[in-house]
Amino acid sequence: MSVGTNTAVDVRIMTRAELALHGVRSDAPVRRPDGAGPSDDGHFLIGHGPVDGANAALPTNPESPYSLRDGRVWLGEDDTGLTLSAVDRPQFYDLTTADGVPYEHIARLHGADVLATTVVQTCIRYAESDRCRFCTIEESLRSGATVAAKTPAQLAEVAEAAVRLDGVRQLVMTTGTTTGPDRGARALVRSVRAVLAAVPGLPIQVQCEPPGDLAWIRALHDAGATAIGIHVESLDEEVRRRWMPGKSSVPLTEYEAAWDEAVRVFGPNRVSTYLLVGLGEHPDELIAGAGELINRGVYPFVVPFRPMAGTLAARDGIAAPSAELLTYVTEGVAARLRAAGMSGADQKAGCAACGACSVLRAAGG
Ligand code: SF4
């Protein structure tokens, strides 16, 4: 795939892209070993130019050309100008529920101040023929790192402790897809209500497939969710069929209807979606599609595909995209976000507000 030629690439953005793909030679006490979606990383705070202390989810990779020394990122003997520090292990990880479940198995710290949980850790689409090829949602279950279904009471208990002990400022709640027309939204509604009863005012983002019955979007909002992610990963039908055989059975028109209803209910820039770079979509089409999402009021969270251990993609030897491609797409989407006056931070909760898994923040999006 060729990348457009008009890039006056910002070196800092390119370096941030390389870090997202190749990681850094360093340990990280806070990790996200596997789970739903495309990330599998250590958690850091990164400083680049005007952005200081931004969340960054980076592979901890002993083979990376980038090292961490004296709080800075080095490429060989060259100081890249980026600052980096690992996020400390939070105190709430040391606690256990009354029924014996470690809090860490119920929700995890992402970045320095985001609590994240997968309410239902199973997915109806996890058969090998249906599964998204970048996803490991049930692997963390098999490895014993989490529990299949978190109760609303457990989530409320952990959220309260994470806010009180570790300064958590927002909660991301995702779910595997369940049977029934809510596609997981029902469990999210109950969980949001319980968490907000324990921690009033905590910004919460919910993430699910487009519910078959769009009334669930209103129910999620009325339960108190601040933002919603309805993640399509690609707008290219051929890419969707190849990478997401099960999920692509939900037509793009259903995504569009769900996004529009979500923007109507939650308001503009409270709705987001993931777009993965590196699935084979033409970069200019990806950028144009992101522009259309922005016009609908949906924030396109652009994230590099990476072949995480345990995914079908890794088994099949599919490589991550190049840093040039990631930089090109990120800069193109960030320019459209800036033109629309849309920033990830304004989502208040969720992946776009966290920004760790994307290079968009470094590019001004
Ligand atoms: S962007 Fe989303 S998945 Fe990535 S670290 Fe932040 S909250 Fe977690």
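Remember, it's 1-based here, ligands and their atoms both numbered in the order they're listed. Along the sequence shown, the residues carry numbers beginning at 1.
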> Find, among atoms of His110 that are N, O or S, the one nearest to atom 8 (Fe) of ligand 1, and state its name.
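Nearest N/O/S atom of His110: ND1.
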
> In ligand 1, which numbered atoms sit nearer than 4.0 Å to a non-hydrogen atom of Tyr274?
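Going through ligand 1 atom by atom, the ones under 4.0 Å from Tyr274 are 2 (Fe), 3 (S).
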
> Under 6.0 Å from the CG atom of Asp27, do we count more than 12 heavy atoms belonging to anything else shown?
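Open.
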
> Report, in ascending order of atom number, the atoms of ligand 1 lying under 4.0 Å from any heavy atom of His43.
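Near His43, the atoms of ligand 1 are 5 (S).
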
> Please state which part of Cys351 comes within less than 4.0 Å of ligand 1, counting heavy atoms only: side chain, backbone, both or neither.
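Both backbone and side chain.
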
> Nearest 0.5 Å please: distance from the CG atom of Leu82 over to the CG atom of Leu68.
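So the CG of Leu82 and the CG of Leu68 are separated by 11.0 Å.
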
> Do Thr273 and Glu233 get their side chains close enough for a donor-acceptor pair, meaning under 3.5 Å?
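No, no side-chain donor-acceptor contact under 3.5 Å.
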
> Would a distance-only check, ignoring hydrogens and angles, find a side-chain to backbone donor-acceptor pair under 3.5 Å from Asn61 to Gly23?
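Side chain of Asn61 to backbone of Gly23, a donor-acceptor pair under 3.5 Å: no, none is there.
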
> Atom 6 (Fe) of ligand 1 and Cys357: any N/O/S contact shorter than 2.8 Å?
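No N, O or S atom of Cys357 is closer than 2.8 Å to atom 6 (Fe) of ligand 1, so no.
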
> Check this for me: Arg296, atom CZ, are more than 12 non-hydrogen atoms of other residues, nucleotides or ligands nearer than 6.0 Å?
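Result for CZ/Arg296: enclosed.
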
> Are Glu237 and Ser248 linked by a side-chain donor-acceptor pair shorter than 3.5 Å?
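No donor-acceptor contact under 3.5 Å links the two side chains.
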
> Distance under 4.0 Å to a non-hydrogen atom of Cys354: what atoms of ligand 1 satisfy this?
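This gives 1 (S), 5 (S), 6 (Fe), 7 (S) as the contact atoms.
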
> Below 4.0 angstrom from a heavy atom of Phe301, which ligand 1 atoms are there? Numbered from 1 as shown, please.
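Matching atoms, with element in brackets: 1 (S).
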
> By number and element, which atoms of ligand 1 are closer than 4.0 Å to a non-hydrogen atom of Ala356?
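Numbered from 1, ligand 1 contributes 1 (S), 5 (S), 6 (Fe).
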
